[in-house]
**Q** 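Got a structure here, written out as structure tokens. Questions coming.
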2 protein chains.
Amino acid sequence: MTAPSLTHVKCADCPIRHRAVCARCDSDELELLDQIKYYRSYEAGQAIIWSGDQMDFVGSVVSGVATLTQTMEDGRTQMVGLLLPSDFVGRPGRDGAAYNVMATTNVMMCCFRKRPFEKLLDETPHISHRLLEMTLDELDAAREWMLVLGRKTAREKIASLLAILARRDSSFDKANFQTESEFELSLTREAMADYLGLTLETVSRQISALKKAGVIVLEGKRHVIVPDMGRLLEEAGDDSDGGLLA
Amino acid sequence: MTAPSLTHVKCADCPIRHRAVCARCDSDELELLDQIKYYRSYEAGQAIIWSGDQMDFVGSVVSGVATLTQTMEDGRTQMVGLLLPSDFVGRPGRDGAAYNVMATTNVMMCCFRKRPFEKLLDETPHISHRLLEMTLDELDAAREWMLVLGRKTAREKIASLLAILARRDSSFDKANFQTESEFELSLTREAMADYLGLTLETVSRQISALKKAGVIVLEGKRHVIVPDMGRLLEEAGDDSDGGLLA
DNA sequence: TCCATTCTTTGACCCAGATCAATCGAGTAT
DNA sequence: ATACTCGATTGATCTGGGTCAAAGAATGGA
């Protein structure tokens, strides 16, 4: 179940202690990866990639939060992915970007030049294997989100999003299942609305409602405390474990 | 762009002229595939897989239509994927099924026993490579559907679904772009509703509206004629090519 | 300090789509 | 024929969330 992580592998020579590809790589392969690797930072609000642009790299988020969004001509936008640290960006085998990628907070990306990375992929089965696994995980996540978008109420949508963020945030440790969690809410109300297929007003109202009901506690506007994760998952309409133990 | 298809490869010894894995395979590999391959048919309405079940095979749809659905405890259901001929089912590297898979019409599946298929995947980079490509395509499709679910009106949703079906149905040839299309609508109003995050009544009303507006013509309840694909795509809120030429 | 800007909250009202209910075929079993 | 079923249609009504509008926070210049 816990395959060698493609990310979050400590790396002695890397200032941010982040090796963005594969724990199973031998030192020659890591050498190759280092040669095609570079870091790049983006400021909050800045575009990382515009839909349709040529993409000459793939990579993964080291720190910060970025979003994948799709837009219709009339301006309606839908977030189709949330990129948290360790998430992969880019599509080997295709040049044009299919989505807008925006930095929500300041973002540090670990990038690999695309052509050499694709070459490496062809020559190194376990990297390609791991990438397949990650893509299948993303597909599962996207499909879970389709249920949220299609069938959940506004309140359930908000609770689902908060549950995801709580789960992904460092302070929540799923192995040592704890009922309390606490995290920084790095999305604006509008970004949440775009993720949930709602308006920002509805997001604000439902957050207030969850606050009033004691499901969450807000410190300031952005710091969220969840006194009881079970309660939050109930509000999200998830079955008891909410996929946390999956 | 048009990589060797994992499916739809003619196969002399196969009664349905469908080789479900890879055009680049050499004859030894095809031999191996044949050894782990079997066909299985399902009746309309029958479950192919229940969420949570052990899955001992992966495979692809040869004929018919199947659906991937997720269900909440209270019965709300959301279709998260539509499986048309050539679509792949199953997740190498995971045993439990994550969704319900239901046969909407009579379905013929080409199955591969899972363990040997995974072994083949490990040993045959181009199969694994092709599977990655297909998974990335599915991910794109899922994300496109998130936009539909989150931001489109009921009418646009119906038009989007009809456009997808028209595109996938044999009679529509995207290389030779034609303005008219015609296909069999193999989903009930309820199944469409589950795909679109609507109720079956709304689906029925919007189909009636599109019919009245001349966007589609119905012969009986299930045979759809689209006099002008451009018009349909407009109704779907898609940009002009609607991804048809992507 | 005082704007100005950006994000957020809250209120009042409205409407697209849900809900509830009745009816209408088209099979098909009796 | 008649009665049942299952899907589809259509109508009447209700409501969750959208829309429009105003007013609070928080931040950052000048």
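None of the values given here were measured: they were computed from a predicted structure. Residue numbers begin at 1 in each chain, while the letters A, B, ... track the order of the sequences.
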**Q** What residues, two or more places apart in sequence or in another chain, satisfy salt bridge (charged side-chain N to carboxylate O under 4.0 Å, His left out) together with A:Asp95?
**A**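 For A:Asp95, the residues satisfying salt bridge (charged side-chain N to carboxylate O under 4.0 Å, His left out) (neighbours in sequence not counted) are A:Lys114, A:Arg115.
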
**Q** From the 5' end of DNA chain C to its 3' end, which nucleotides mark the outer limits of contact with chain A, defined by a 4.0 Å heavy-atom distance cut-off (strictly under)?
**A**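 Reading along DNA chain C, I get C:dC7 to C:dA12.
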
**Q** Has A:Arg143 got its NZ or CZ under 6.0 Å from the middle of the six-membered ring of B:Tyr99, at an angle within 45 degrees of the ring axis?
**A**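 Positive - A:Arg143 is close enough to the ring of B:Tyr99 and near enough to its axis.
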
**Q** Can you list, pair by pair, the side-chain donor-acceptor contacts under 3.5 Å of residues 45-57 of chain B, counting residues two or more places apart and other chains?
**A**
unit_1: B:Gln46; atom_1: OE1; unit_2: B:Glu43; atom_2: N; d: 2.7
unit_1: B:Ser51; atom_1: OG; unit_2: B:Ala98; atom_2: O; d: 3.3
unit_1: B:Asp53; atom_1: OD2; unit_2: B:Trp50; atom_2: N; d: 3.4

**Q** Between A:Leu196 (CG) and D:dG17 (C1'), how many Å, whole number?
**A** 13 Å

**Q** Under 3.5 Å, sequence neighbours excluded: what are the donor-acceptor pairs made by side chains of residues 203-225 of chain A?
**A**
unit_1: A:Ser208; atom_1: OG; unit_2: A:Ser204; atom_2: O; d: 3.1
unit_1: A:His223; atom_1: ND1; unit_2: A:Glu184; atom_2: OE1; d: 2.5
unit_1: A:His223; atom_1: NE2; unit_2: A:Glu182; atom_2: OE2; d: 2.7

**Q** Using OP1 and OP2 only, check whether a side-chain N or O of A:Arg155 sits under 4.0 Å from D:dG16.
**A**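 For D:dG16, OP1/OP2 do not have a side-chain N/O of A:Arg155 under 4.0 Å.
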
**Q** Listed by chain and number, what are the side chain to side chain contact (heavy atoms under 4.5 Å, CB included) partners of B:Ala142, not counting sequence neighbours?
**A** A:Leu139, A:Ala142, A:Met146

**Q** Under 4.0 angstrom, heavy atoms only, what part of the nucleic acid is A:Thr188 near: base, sugar-phosphate, or nothing?
**A**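 The residue A:Thr188 makes sugar-phosphate contact but no base contact.
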
**Q** Side chains of residues 103-111 of chain B: which donor-acceptor partners sit under 3.5 Å, not counting sequence neighbours?
**A**
unit_1: B:Thr105; atom_1: OG1; unit_2: B:Val65; atom_2: N; d: 2.9
unit_1: B:Asn106; atom_1: OD1; unit_2: B:Ala44; atom_2: N; d: 2.8

**Q** Between the protein and nucleotides 9-12 of chain D, which nitrogen or oxygen pairs are less than 3.5 angstrom apart?
**A**
unit_1: D:dT9; atom_1: OP1; unit_2: B:Arg189; atom_2: NH2; d: 3.4
unit_1: D:dT9; atom_1: OP2; unit_2: B:Arg189; atom_2: NE; d: 2.6
unit_1: D:dT9; atom_1: OP2; unit_2: B:Arg189; atom_2: NH2; d: 3.3
unit_1: D:dT9; atom_1: OP2; unit_2: B:Ser204; atom_2: OG; d: 2.9
unit_1: D:dT9; atom_1: O5'; unit_2: B:Ser204; atom_2: OG; d: 3.3
unit_1: D:dT10; atom_1: OP2; unit_2: B:Ser208; atom_2: OG; d: 3.1
unit_1: D:dG11; atom_1: N7; unit_2: B:Arg205; atom_2: NH1; d: 2.9
unit_1: D:dG11; atom_1: O6; unit_2: B:Arg205; atom_2: NH2; d: 3.2
unit_1: D:dA12; atom_1: N6; unit_2: B:Arg205; atom_2: NH2; d: 3.4

**Q** Restricting to pairs with a member in residues 191-204 of chain B, which pass salt bridge (charged side-chain N to carboxylate O under 4.0 Å, His left out), not counting sequence neighbours?
**A** A:Arg151-B:Asp194

**Q** Applying a 4.0 Å non-hydrogen cut-off, can you work out what A:Gly197 is touching in the nucleic acid: base, sugar-phosphate, or nothing?
**A**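 Sugar-phosphate, no base atom in range.
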
**Q** Who passes side-chain hydrogen bond (donor to acceptor under 3.5 Å, both in side chains) against A:Thr135, sequence neighbours left out?
**A** none

